[in-house]
Amino acid sequence: MSPSPTPDSEGLTAGSPGSAALPEHPGIAAIRTLALVGPAGAGKTSLAEALLLKAGALKSAGSVEKGSTVSDHDPLEKRMLHSLQTSLMHLLHDGLRVHLVDTPGAPDFIGQALPALEAVESAVVVVNAQAGLELMAKRMMDAAAGRGLTRLIVVNKIDAPGVDAQALLAQLQAAFGRECLPLNLPAAGGGRVTDCFFGCSGDSDFGSVEAAHRALVEQVVEVDPDFVDRYLNDGDVPATELHAPLEQAFREGHLIPVCFVSARTGAGVAELLEVIEKLLPNPYEANPPQFLRGEGDEAEPLLVAMDPAQHVVAHVFKVQSDPYLGKLAMLRVHQGTLRKNMPLYVGHARKAVRVAHLFMLQGKEHVEIDQALPGDLCALAKLEELHFDAVLHDAQEDEHLHLAPIALPTPVHGIAIQPSRHGDEQRLWEVLTRLVEEDPCLRLERGGDQAALSPQGGETLVYGLGELHLRVLLDRLKETYKFEVQTQPPRIAYRETISAKAEGHSRHKKQTGGAGQFGEVWLRVEPLARGEGFEFVDEVKGGAIPGQFMPAVEKGVRQALARGIVAGYPVVDLRVTVFDGKHHSVDSKEVAFIAAGHKAVVAAVREARPVVLEPIVQVEISAPEHATGDITGDLASRRGQVLGTRSAMPGQIGVEGLAPLAELSAYQNRLNAMTSGQGRYTMVLSHYEAVPPNTQSQLAAGWHLKDDE
């Protein structure tokens with residue numbers, strides 16, 4: 001059983017004078033937190049609107065098409081009719097406080113959806129009854145399972161034409177196991193639903209309500225031998241008495257409930273709200289968050305206490321910048337009581353920041369509160385020290401506390417950006433930095449002698465997860481920050497590596513009349529396994545290179561590898577071992593060893609059979625069955641590999657495969673031609689592998705590394 005709420009968790013007020021005060025806090029046991037996740041077009045935003053309306057938080061439901069929903073309040077979201085950022089909402093109903101996190105469904109914005117899982121107890125995976133099981137639903141189901149969250153599948157749009165709810169339920173069970181069981185079933189052609197958990201009779205569009213009830217009870221009692229005996233002896237156990245085993249079944253993933261709704265008509269929405277309130281776990285009942293203390297291999301798991309009397313631990317899962325309002329950080333309180341005007345430390349910082357304002361968010365509305373308890377989702381404004389994944393605390397012992405990192409996809413699709421007006425380069429960098437802070441799946445790089453990170457010096461490169469990701473970034477630059485820019489064609493995030501061992505040597509000697517420059521370096525390079533990155537080893541003996549100069553050698557090595565040696569792309573997956581060198585007691589300086597390290601590693605890599613690597617993406621295509629042959633043949637012509645096909649909804653086929661990202665430029669246009677505009681695809685980085693020799697020659701031909709570089 002879950003622990004009872006402590007006395008300190010009850011009776012805490014949440015309003016503040018002069019603000020839109022909330023009612024008295026109902027206590028930690030009365031909190032529910034859930035993230036609405038799943039593919040684009042499933043109706044997550046409309047479902048959130050329907051839940052708010054049913055709970056009385058809205059007088060009338062907004063519309064995505066009209067741009068009037070609570071969560072899609074950004075001008076770009078209204079124009080594109082899709083969620084682009086995570087949005088927070090809350091509702092108060094029957095003595096409970098429910099925090100809702102609405103997330104984007106397009107694969108390009110999964111960097112917004114995945115971090116939301118770090119803030120909640122339950123992941124509500126919304127599936128489009130017309131489209132069937134899509135890749136984003138599977139990805140979010142897997143991610144939620146990895147975080148130990150309760151998973152609830154909501155099948156939306158059950159009233160749409162041509163829906164086969166029975167086939168979809170079978171598809172869900174085939175993908176996720178027999179633990180996917182319906183809590184209710186659609187009835188009256190999707191016009192309403194019939195409860196299968198608290199009730200055991202009634203009509204439905206398919207299947208037996210009694211059989212569904214029996215399957216649910218059997219699945220829940222399996223986790224507790226005492227309930228198994230009782231079920232076998234009595235033939236049934238009332239659902240109202242199954243809270244403890246149900247809680248355990250959720251924690252262990254032994255039960256994944258399925259609910260049917262229509263957010264458009266409201267069918268099943270009241271029943272879903274009841275499921276959220278009566279069955280989903282509160283912060284005491286769910287699996288604890290995966291906190292670690294320490295860094296690297298020495299980090300140890302730490303259990304935070306859902307106790308408002310303990311010291312504060314809170315985690316930032318989303319940062320949002322506004323050119324007028326400044327930075328807004330959305331966070332989850334995991335331990336202690338977060339109060340206005342209290343000092344907090346951000347990670348390792350030695351100087352505390354003060355919480356001047358504390359908010360609960362209702363879309364774009366900021367509701368000021370005095371305090372937040374464990375389990376609450378809230379926001380802090382105008383604190384520049386806050387950043388994504390930051391841990392806030394009020395005790396020095398928690399300075400090395402962090403959440404286990406969530407697996408985020410690697411951005412591999414890039415464009416070069418420059419300001420339209422000369423002299424705006426630094427301002428462009430600052431604005432892009434703000435936008436990249438909002439999305440952990442965007443990466444910003446800048447060329448030049450200092451950064452040495454891009455193929456051409458002085459360029460600003462932004463990498464994202466796809467064309468839509470980058471197009472929205474450019475739209476934000478123009479519409480939100482009024483910044484006019486010029487772009488160059490999309491770039492592929494190629495990488496370089498080596499395939500053999502080799503040695504390199506460089507002596508840097510410069511005499512300018514006064515004190516000179518001298519540094520000599522011998523080093524060895526050797527390949528590492530794919531994905532292992534870079535390793536620097538110091539094996540110098542006898543003080544041939546004094547210890548104070550070794551960081552300079554490493555700096556020169558890193559600069560050269562970041563700039564690229566064969567074709568101008570970062571060199572990865574290698575070990576660099578410095579084993580000898582020389583110094584001069586007067587002329588040796590850091591700058592000399594930077595230069596020597598730089599040139600020595602360039603010489604070594606050139607002799608180590610360098611190769612260029614390209615990103616290979618996993619692609620999933622959904623299309624009409626008649627187009628299967630065209631799609632598989634086209635994929636093969638793009639140096640792709642078909643991994644398999646699966647039956648989706650009737651008349652639809654799913655094709656899974658691997659292909660080089662470089663071959664999928666404007667692929668949607670080709671897919672439209674093959675499927676009469678009915679095909680869709682998603683892709684995610686799978687791995688890197690060597691490009692064909694002719695491609696490497698073409699890439700290398702356009703890159704010339706000067707000898708003095």
Side-chain angles (χ1 to χ4, degrees), residues 8-9 12-28 30-35 48 52 57 70-71 73 85-92 96-103 115-121 282-283 289 304 306-308 310-322 325-346 353-394 403 438:
D8 289 334
S9 71
L12 297 175
T13 58
S16 60
S19 70
L22 292 173
E24 184 176 280
H25 199 298
I28 298 171
I31 294 175
R32 306 289 183 271
T33 60
L34 51 124
L52 292 171
V70 173
S71 58
H73 52 81
Q85 299 197 67
T86 295
S87 182
L88 299 190
M89 295 155 286
H90 63 271
L91 60 87
L92 302 168
L96 300 180
R97 174 178 289 181
V98 180
H99 295 279
L100 298 172
V101 187
D102 186 22
T103 67
L117 300 180
E118 299 182 324
V120 299
E121 273 77 46
N282 64 48
V304 296
M306 297 294 166
D307 184 349
Q310 295 283 336
H311 47 85
V312 171
V313 174
H315 175 256
V316 176
F317 63 92
K318 165 71 179 169
V319 169
Q320 196 168 300
S321 294
D322 185 280
L325 301 177
K327 183 180 290 186
L328 183 73
M330 303 176 195
L331 53 95
R332 157 71 184 251
V333 181
H334 288 281
Q335 179 177 283
T337 301
L338 186 59
R339 295 184 174 89
K340 284 175 59 176
N341 298 318
M342 75 183 306
L344 289 174
Y345 297 95
V346 182
V353 297
R354 188 166 295 279
V355 179
H357 298 282
L358 183 62
F359 303 102
M360 279 180 61
L361 301 183
Q362 192 74 314
K364 67 179 179 181
E365 300 297 329
H366 296 47
V367 182
E368 188 153 6
I369 57 176
D370 288 330
Q371 54 194 10
L373 301 183
D376 276 329
L377 308 187
C378 54
L380 302 178
K382 298 183 179 179
L383 289 176
E384 291 301 317
E385 296 86 352
L386 297 183
H387 56 86
F388 170 72
D389 208 30
V391 172
L392 282 74
H393 58 92
D394 60 353
L403 268 176
E438 297 182 10

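Count residues from 1 along the sequence. All values below come from the heavy atoms of this structure, side chains included, with hydrogens, waters and symmetry mates left out. Here the structure is a predicted model, which means the values were calculated and not measured.
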Heavy-atom pair of closest approach, residues [X] and [Y]:
X: V319; Y: V316; answer: CG2-CG1, 3.8 Å
X: P308; Y: L373; answer: CB-CD2, 4.1 Å
X: H90; Y: L361; answer: ND1-O, 3.3 Å
X: A35; Y: V120; answer: N-CG1, 3.8 Å
X: A116; Y: F317; answer: CA-CD1, 4.3 Å
X: M89; Y: G363; answer: CG-N, 4.0 Å

Check: [X] side chain, [Y] main-chain N or O, donor-acceptor pair, under 3.5 Å:
X: H311; Y: G336; result: no
X: Q335; Y: P374; result: no
X: S87; Y: D102; result: no
X: R354; Y: N341; result: yes
X: D394; Y: V312; result: yes

Just how far is it from atom [atom1] of [X] to atom [atom2] of [Y], taken to the nearest 0.5 Å?
X: Q320; Y: K327; atom1: CD; atom2: NZ; value: 12.0 Å
X: L358; Y: I369; atom1: CG; atom2: CD1; value: 4.0 Å
X: R339; Y: L344; atom1: CZ; atom2: CG; value: 11.5 Å
X: S71; Y: K364; atom1: OG; atom2: NZ; value: 12.0 Å

Problem - For E438, all residues meeting salt bridge (charged side-chain N to carboxylate O under 4.0 Å, His left out), sequence neighbours excluded - result: none

Got [X] and [Y] here, is their nearest side-chain heavy-atom distance under 4.5 Å?
X: L34; Y: L100; result: yes
X: H366; Y: L328; result: yes
X: Q85; Y: K318; result: yes
X: D376; Y: H99; result: yes
X: C378; Y: L338; result: yes
X: L88; Y: M360; result: no
X: E365; Y: H73; result: no

Side chains of residues 383-391: which donor-acceptor pairs under 3.5 Å do they make with residues two or more places apart or in other chains?
unit_1	atom_1	unit_2	atom_2	d
D389	OD1	H315	NE2	2.7

Practice task
For a side chain to side chain donor-acceptor pair (under 3.5 Å) with K340, tell me which candidate from Q371, E368, H357 qualifies.
Solution key: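 It is E368; the other options fail the test.
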
Completion exercise
Residues passing the side-chain hydrogen bond (donor to acceptor under 3.5 Å, both in side chains) test with E121, sequence neighbours excluded, are T33, R332

